[in-house]
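Throughout, protein chains are lettered first and strands after them, A, B, ... in sequence-line order, and every chain is numbered starting at 1.
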There are 2 protein chains.
Amino acid sequence: MSEDDLFRALADPTRRAIFEKLAAGSMNASVLREGMAISQPAMSQHLSVLRSAGLVREERQGRFVNYEVDPDGLTHIAQWLSKYRASWPARIDALKALLKDMDQ
Amino acid sequence: MSEDDLFRALADPTRRAIFEKLAAGSMNASVLREGMAISQPAMSQHLSVLRSAGLVREERQGRFVNYEVDPDGLTHIAQWLSKYRASWPARIDALKALLKDMDQ
DNA sequence: TCGATACATAAGCAGATACTTATATGATTC
DNA sequence: GAATCATATAAGTATCTGCTTATGTATCGA
């Protein structure tokens with residue numbers, strides 16, 4: 001769940017696509033795979049990477065394993081981003097203020 | 001300047017360290033290299049990656065090339081993050097609202 | 001214009017990554 | 001308990017990545 005794991009996990013377009021699909025609603029690995037040109041082991045491996053990055057979490061339900069977005073990963077990215085708020089353009093002033101709230 | 005470029009650039013710890021150093025204030029490649037166990041070509045290559053990701057921008061000043069954080073890259077990440085605000089924990093409610101502002 | 005300085009590019013290479021096929025594990029149904 | 005289904009793991013491989021050394025380019029000062 002390091003920053004390394006996080007950004008590395010998101011560096012792959014297939015994994016971002018998987019994550020995006022999961023963000024629309026939790027589902028198991030098989031359903032997740034529908035419509036994606038990817039083998040079953042590849043999906044399993046990607047999910048494992050996303051999981052150890054803290055972006056996704058799983059829950060076994062009988063034969064199936066249900067996956068959902070893990071807020072921890074997103075929170076970690078937000079915290080990383082907030083470190084650089086001094087470098088943000090003025091346009092996003094509102095975001096600056098919001099991130100300030102987050103500190104507390 | 002794609003999401004691919006962005007996350008891939010940030011996936012490397014050395015590049016994140018460079019970016020972090022630049023966030024503290026703009027400087028040229030030589031100064032940037034001070035204290036980092038990294039060769040001159042390696043630094044140049046990392047800066048090139050950060051640049052084409054939109055995270056950093058350069059400005060030649062005589063013999064030196066000054067580098068600074070490019071807000072575009074950070075903004076892009078913030079926008080990517082904002083896509084998933086539905087998945088954020090309630091704790092970060094304030095951030096949700098702030099990101100909402102950003103949409104307009 | 002010659003040497004030095006700051007940086008970029010080229011080429012090569014070791015290690016990492018994302019995929020594949022094959023097989024194992026775990027759970028359900030008959 | 002045997003067959004089946006959902007998923008994970010193993011092992012192999014082509015490609016990518018980040019580094020190195022060597023060299024090129026641009027700017028400066030003497």
Side-chain angles (χ1 to χ4, degrees), chain A residues 1-22 24-70 73, chain B residues 1-22 25-70 73 77:
Chain A
M1 244 204 40
S2 66
E3 265 160 26
D4 237 273
D5 293 334
L6 252 183
F7 286 116
R8 209 188 300 257
L10 293 171
D12 183 77
T14 304
R15 276 194 294 268
R16 285 203 309 283
I18 292 169
F19 183 79
E20 187 153 1
K21 213 165 170 185
L22 272 181
S26 70
M27 63 190 88
N28 63 55
S30 296
V31 174
L32 206 41
R33 196 157 81 87
E34 284 169 14
M36 305 196 74
I38 194 182
S39 71
Q40 178 270 315
M43 173 60 80
S44 182
Q45 285 158 16
H46 280 311
L47 286 169
S48 172
V49 171
L50 287 167
R51 187 180 181 280
S52 52
L55 283 161
V56 144
R57 61 190 174 195
E58 65 183 60
E59 184 188 0
R60 185 166 268 275
Q61 276 169 3
R63 252 189 307 200
F64 300 82
V65 179
N66 213 265
Y67 283 91
E68 66 181 351
V69 168
D70 186 342
Chain B
M1 242 202 43
S2 66
E3 264 160 25
D4 235 275
D5 293 335
L6 252 182
F7 287 117
R8 209 189 300 259
L10 292 170
D12 184 77
T14 305
R15 276 194 295 266
R16 285 202 309 281
I18 293 170
F19 183 78
E20 186 153 2
K21 213 166 171 185
L22 273 182
S26 69
M27 62 191 87
N28 62 56
S30 295
V31 175
L32 204 43
R33 195 156 82 87
E34 283 169 14
M36 304 194 75
I38 194 181
S39 70
Q40 179 270 315
M43 173 60 81
S44 184
Q45 287 159 14
H46 280 310
L47 286 169
S48 172
V49 171
L50 287 168
R51 188 180 180 279
S52 52
L55 284 162
V56 145
R57 59 189 176 197
E58 63 184 62
E59 184 187 2
R60 183 165 270 273
Q61 276 169 4
R63 253 189 306 200
F64 300 82
V65 177
N66 213 267
Y67 283 91
E68 65 181 353
V69 168
D70 186 342
I77 296 180

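Comparing D:dG18, C:dA27, C:dA6 by their closest approach to the side chain of B:Asp12 singles out D:dG18. With distances taken from any side-chain atom of B:Gln45 to the nucleotides C:dA11, D:dC28, C:dA8, the minimum falls on C:dA11. Taking every side-chain heavy atom of A:Arg8 into account, C:dT17 is the closest of C:dT17, D:dA8, C:dA8. Comparing D:dA8, D:dT20, C:dT29 by their nearest atom to the side chain of A:Arg63 picks out C:dT29. Distance from the side chain of B:Pro41 is smallest to D:dA22 among D:dT9, D:dG18, D:dA22. Of the candidates C:dC19, D:dA8, C:dA27, the closest approach to any side-chain atom of A:Ala42 belongs to C:dC19. With D:dA26, D:dG18, C:dA18 as the candidates, the nucleotide lying closest to the side chain of B:Arg60 is D:dA26.
Side-chain N or O atoms of B:Arg15 include one that pairs as donor or acceptor with a backbone N or O of B:Arg8 at under 3.5 Å. Under the 3.5 Å distance criterion, the side-chain polar atoms of A:Arg16 are matched with a main-chain donor or acceptor of A:Leu10. Panel note: side chain A:Arg57, backbone A:Asp70; no donor-acceptor pair is recorded below 3.5 Å. The closest donor-acceptor contact from the side chain of B:Arg60 to the backbone of B:Gly62 lies under 3.5 Å.
Nucleotide D:dT27 holds its P atom 13 Å from the CZ atom of B:Phe64, rounded to whole Å. For the pair B:Asn28 CG and D:dC28 P, the interatomic distance rounds to 14 Å; values are reported in whole Å. In this structure, CE of A:Met43 is placed 14 Å from P of D:dA6, rounded to the nearest angstrom. Atoms CD (A:Gln61) and C1' (C:dT28) sit 15 Å apart, rounded to a whole Å. Here D:dT17 presents its P atom at 17 Å from CD1 of B:Ile38, a figure rounded to the nearest Å. We find that CD of A:Glu58 is positioned 14 Å from C1' of D:dT9, with the value rounded to whole Å. Atom pair B:Asn66:CG and D:dT27:C1' shows a separation of 16 Å (rounding to whole Å applied). Taking atom CE on B:Met36 and atom P on D:dG18, their separation rounds to 14 Å, with Å as the unit.
Taking only side-chain nitrogens and oxygens, A:Tyr67 never comes nearer than 4.0 Å to OP1 or OP2 of D:dA6. Using a 4.0 Å cut-off, some side-chain N or O of A:Ser39 falls inside it from OP1 or OP2 of C:dT20.
When each of B:Val31 and A:Gln40 is assigned the nucleotide of DNA chain C with its nearest heavy atom, B:Val31 is the one assigned upstream, toward the 5' end.
Here B:Thr14 lies in heavy-atom contact (under 4.0 Å) with sugar-phosphate atoms only. Among the atoms of the strands shown, none is found under 4.0 Å from any heavy atom of B:Arg51. Counting any heavy atom pair closer than 4.0 Å across all strands shown, B:Arg33 reaches no nucleic acid atom.
For the residue pair B:Asp5/B:Ser52, the side-chain donor-acceptor check at 3.5 Å is not satisfied.
Within a 6.0 Å radius of CZ in A:Arg51, no more than 12 heavy atoms belonging to other residues, nucleotides or ligands are found.
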